[in-house]
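Worksheet: one structure, shown below.
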Amino acid sequence: MSTLYRLVYLSKNRISGGAAHIAAEVQSILAAAQRNNPPLELTGALIFNAGMFAQVLEGPCGSLEDTFEKIQQDPRHGDLEVLAYHQTTERAFQHWSMGYFGQSREGQDLFGHLAKATGFNTDGLEGTRLFEIIRDIALEEETRAA
Amino acid sequence: MAPRTAPAETMRYLHELSPQRRQAVADLALDTFLEMGRAAAIVGANGELRLVNDAFTELFGGVEDLTARLAKINADVAVSGGRLIHEVMLPDGRTVGLEVTLLEQGCLITGFDISRRQQRRAREAQLARTDDLTQLGNRLLFQEQLAERLAEPGHAYPPALLTIDLGRFKALNETLGRKTGDALLRLVAKRICSALADHDVVARLEGDKFAVLQLGQPQPQAAAALAARLIDLLGRAYLVDGQLINISACAGIVVVTPDMIDVEQVMSSADLALSRAKSDGQGSYRFFETAMDEKMRSCRKLEIDLRRALSLREFSLVYQPQVNLRSSAVSGFEALLRWQCPTRGAVSPLDFIPLAEQTGVITSIGEWVLRTACREAASWPNDHSIAVNVSGVQFAHPNLVKVVMSALAESGLAPQRLELEITESVMLDDRGQSLTVLNNLRSLGVRMALDDFGTGYSSLGYLRRFSFDKIKIDQSFVRGTANDPAGQAIVRAISSLGQSLGMKTVAEGVETREQFDRVVADGCTDVQGYLISRPLPSGQIASFLDERAPRP
């Protein structure tokens, strides 16, 4: 098995438009990810909150970098910030080709407790913290589903 | 069977042969015609085949309108002076190379299939125009495409040329390794392509430098939008071989105008705009403006004039007196460079010294100044010191100590009279080198002064590492008015510093009585400026000293 890498990034692009527009946008990103990721051995999760996407992607270096490059060439992702990129020993989102934790938590302020520490400025947000948030939510969802 | 070989001369003098020999030769010729590998046919005036060999039948067998084609070839050769070489594309895609010779009636056609050669050439041509690393076009392709656009004016929208390069790429390549650097360049190439329209031309010119020819769009808006887009795209993070890489880009743009006809000119204009963009900071783009070109030209012209000035003896020196405040006596002179250019008139050193330093011309100008100042000062009636400015570039030159020795020896000037003024910048890039040079100069007996003190980094560490003979306080502090307490405080601090370290302190640029009184009060040891005297030509030094001498 090839070395596993994990990428955590934040897309600060504010998607303009109403809830319907945002839902459509998220839906199209999810559909593409759920279609493309399995053959590339990529797993991960996406959360949308406070007008931002936070995403974790895990998988082999080559697949990960190719996918990331596609995202980077997409004009819609202007202000993308990589928070972490490193080798890892195991997947945190084993069961998710691309988990999405937005709808079930609509109206909740997931980054709220971070806002206090960072003054709503995500510049200081660490990759590991964001990763933990997303992982915790995923675990909650999995437990609830079980 | 006729003999296969006939002596060459019998071919030439066919009519002189016996009928039997003639027949033999004719048989040989026919055999050769029929059996040779090259397709051959004798064609009548209307394109009808009179004699063909197997190779011809094989080559043209499937061509339906052969007679019409041959008639056309026949007509062409008749008007072209009897011989014609051309390439014919057959309906099945093959290319045939033909050689046609006009006969008394009709013509002789020989030829063969050159399709593979054509394909190979096309492949080679493409290879020669492709950048191996990124598979984009290369400089050759780009220049050819640009030349083509320049040659065909009259499009609705003018083409725009963008050159793009990456900041810090070289350093990155060195740190992360060539393999990662190459992979990054491939990603950069892809990102550039993702932003282009189909008919735009893109190439990697060299290293981390790319070029785009944007076609068929309203300018300059489209080029500005593309530049902004490329800078955004290329500035986004990259993941390469498990590493996160951040890099930025700059772009230079030329919108082609009808007067631009030269490829090199357009490309160098884009480069000029690019270098401006880079000096604006990473992530910027700039349009080429004629003014940039003019500035560059005028810079180049100045450089040429400057190089010429030395041999044409357009430089001269004037000397500004320095007066000791305690004794009121003249303590020395500072040599100042003047350039009287026949076309420009008097050019201020402020306007040409920076360029002279950039281009290195300063080394020879500086040497001339040093030799001239020593020679002229040696002829003066007194033992006054003569201060000569030494630029940082000169100071870094390994020859400096030798030049100083030679100037002293040539002029016979006592080394103690020569004072070299250096600025703080000389001490800045110090790897111990400048200190060695300073000590070597001092060991000659020459004195050293620190010029323009207070304007640079003013690190007191310099003063500790090397004991200068003199500190010159920059005129900007001296000229401050009475209500500039900060300037005055600095003058006072430097004077007191000089006093404790045993260094003279010279206040420069003293123009008024008020400034004079102040620097006296602030404790400077010497003073220089228009109030004492304007700079004088060497010939007037004797009379100046004479006038100042106390009358009996």
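Heavy-atom basis, side chains included; hydrogens, waters and symmetry copies ignored. Small disclaimer: the values here were computed from a predicted structure and weren't measured. In what follows, chains carry the letters A, B, and so on, assigned in the order in which the sequence lines appear, proteins first and then strands, with residues in each chain numbered from 1.
Arg191(B) has its side chain within reach of Glu69(A): a pair of non-hydrogen atoms, C-beta onward, lies under 4.5 Å apart.
For Gln72(A) (side chain) and Tyr238(B) (main-chain N/O), no donor-acceptor pair under 3.5 Å exists by modelled atom type.
By the neighbour-count criterion of 12 heavy atoms within 6.0 Å, atom NZ of Lys190(B) is sparsely surrounded, having that number or fewer from other residues, nucleotides or ligands. Other residues, nucleotides and ligands contribute only 12 or fewer heavy atoms inside 6.0 Å of the CD atom of Gln126(B). Other residues, nucleotides and ligands contribute only 12 or fewer heavy atoms inside 6.0 Å of the CD1 atom of Ile261(B). Other residues, nucleotides and ligands place more than 12 heavy atoms under 6.0 Å from the CD atom of Gln221(B). More than 12 heavy atoms of other residues, nucleotides or ligands sit less than 6.0 Å from atom CG of Asp259(B).
Interface remark: Leu233(B) contributes side-chain atoms only to the contact with chain A (heavy atom separation under 4.5 Å).
Remark: Ile71(A) CD1 to Arg236(B) CZ distance equals 11.0 Å, nearest 0.5 Å. Residue Phe68(A) holds its CZ atom at 7.0 Å from CG of Leu244(B), rounded to the nearest 0.5 Å.
Taking both residues in full, the closest heavy atoms of Leu239(B) and Tyr85(A) are given as CD2-CD2, 3.5 Å, listed atom of the first, atom of the second, then distance. Scanning all heavy atoms of the two residues, the minimum distance from Gly242(B) to Cys61(A) falls at N-SG, 3.5 Å.
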